[in-house]
Amino acid sequence: MAQQSGMLDDESIYEAGRELAVAKRYGEAITVLSLATDKTDPRILNYLGFSHRMQGRVLVGLGYYQEALIQDPGYVPAREYMGEAYLQLGDLGAAREQLGEISLRCGTTCSEYSRLSAQIGLFLKGGGWSPPEAASALGASPEDAL
């Protein structure tokens, strides 16, 4: 990891935190991401939200996503995860609203649109919210979200 003045720089902190979150090591991801000096970086806020949400603190996660979008309204990864959080809370309308916002920003072919629409499709099929890897394994498609 790169260092600046004996400390990790925020880019290294982001990369390490993201890797931990992707590896489902959410507590460690939160610890690492909390070390960032730039508390306004939407990428860091997004993975703090993701990690909290995946540990069952959905409302805490939503707060981080909202802050990420205050910093950068066009940051679609936060919109995807926010939509998933709304599904976890049973709020289909709010999830669809985020899907629409993603569509306005990157169209219907970007990965964030595809993943959130697959989650919405599963939700509509009565499966409730499920982790993203389950959506693709169960064959949910973007058309299911419409």
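Quick note: numbers below take in every heavy atom, side chains included, and nothing from hydrogens, waters or symmetry partners.
- Cluster membership check: Tyr65 shares its hydrophobic cluster with Leu59, using side-chain heavy-atom separations under 4.5 Å among Ile, Leu, Val, Met, Phe, Trp and Tyr.
- Between Arg43 and Glu11 there is a side-chain heavy-atom pair separated by less than 4.5 Å.
- Residues Pro77 and Tyr75 have side chains in contact (heavy-atom distance under 4.5 Å, counting atoms from C-beta outward).
- Listed by first and then second residue, the salt bridge (charged side-chain N to carboxylate O under 4.0 Å, His left out) pairs that reach into residues 63-73 come to none, sequence neighbours excluded.
- Distance OG1/Thr37 to CD1/Ile13: 6.5 Å, rounded to 0.5 Å.
- In this structure Tyr86 satisfies the ring-ring contact (aromatic ring centres under 6.0 Å, His included) test with no other residue, sequence neighbours excluded.
- No donor-acceptor pair closer than 3.5 Å links the side chain of Arg79 to the backbone N or O of Glu97.
- In this structure, the side chains of Leu92 and Leu124 come closer than 4.5 Å at one or more pairs of heavy atoms.
- Considering only residues two or more places apart in sequence or on other chains, Ser34 meets the side-chain contact (heavy atoms from CB on, under 4.5 Å) condition with Ile30, Leu48.
- A salt bridge is defined here as a Lys NZ or Arg NE, NH1 or NH2 lying under 4.0 Å from an Asp or Glu carboxylate O, and Arg105 with Glu112 fails to meet this definition.
- Note that the CG atom of Leu33 and the NZ atom of Lys39 stand 9.5 Å from one another [nearest 0.5 Å].
- By the ring-ring contact (aromatic ring centres under 6.0 Å, His included) test, Tyr26 pairs with Phe50, sequence neighbours left out.
- Residue Leu35 holds its CG atom at 12.0 Å from CG of Asp9, rounded to the nearest 0.5 Å.
- Taking CE of Met82 as the start and CG of Leu69 as the end, the distance is 5.0 Å to the nearest 0.5 Å.
- Side-chain atoms of Tyr81 and Asn46, non-hydrogen and from C-beta on, do get closer than 4.5 Å to each other.
- By the 4.5 Å heavy-atom criterion applied to side chains, Glu80 and Ile102 are counted as neighbours.
- Between atom CZ of residue Arg57 and atom OH of residue Tyr64 there is a gap of 9.0 Å, rounded to the nearest 0.5 Å.
- Within the 4.5 Å cutoff, no side-chain heavy atoms of Ile44 are placed close to those of Asp38.
- Leu104 pairs by the side-chain contact (heavy atoms from CB on, under 4.5 Å) definition with Glu101, not counting sequence neighbours.
- With sequence neighbours left out, Thr31 forms a side-chain contact (heavy atoms from CB on, under 4.5 Å) with no residue at all.
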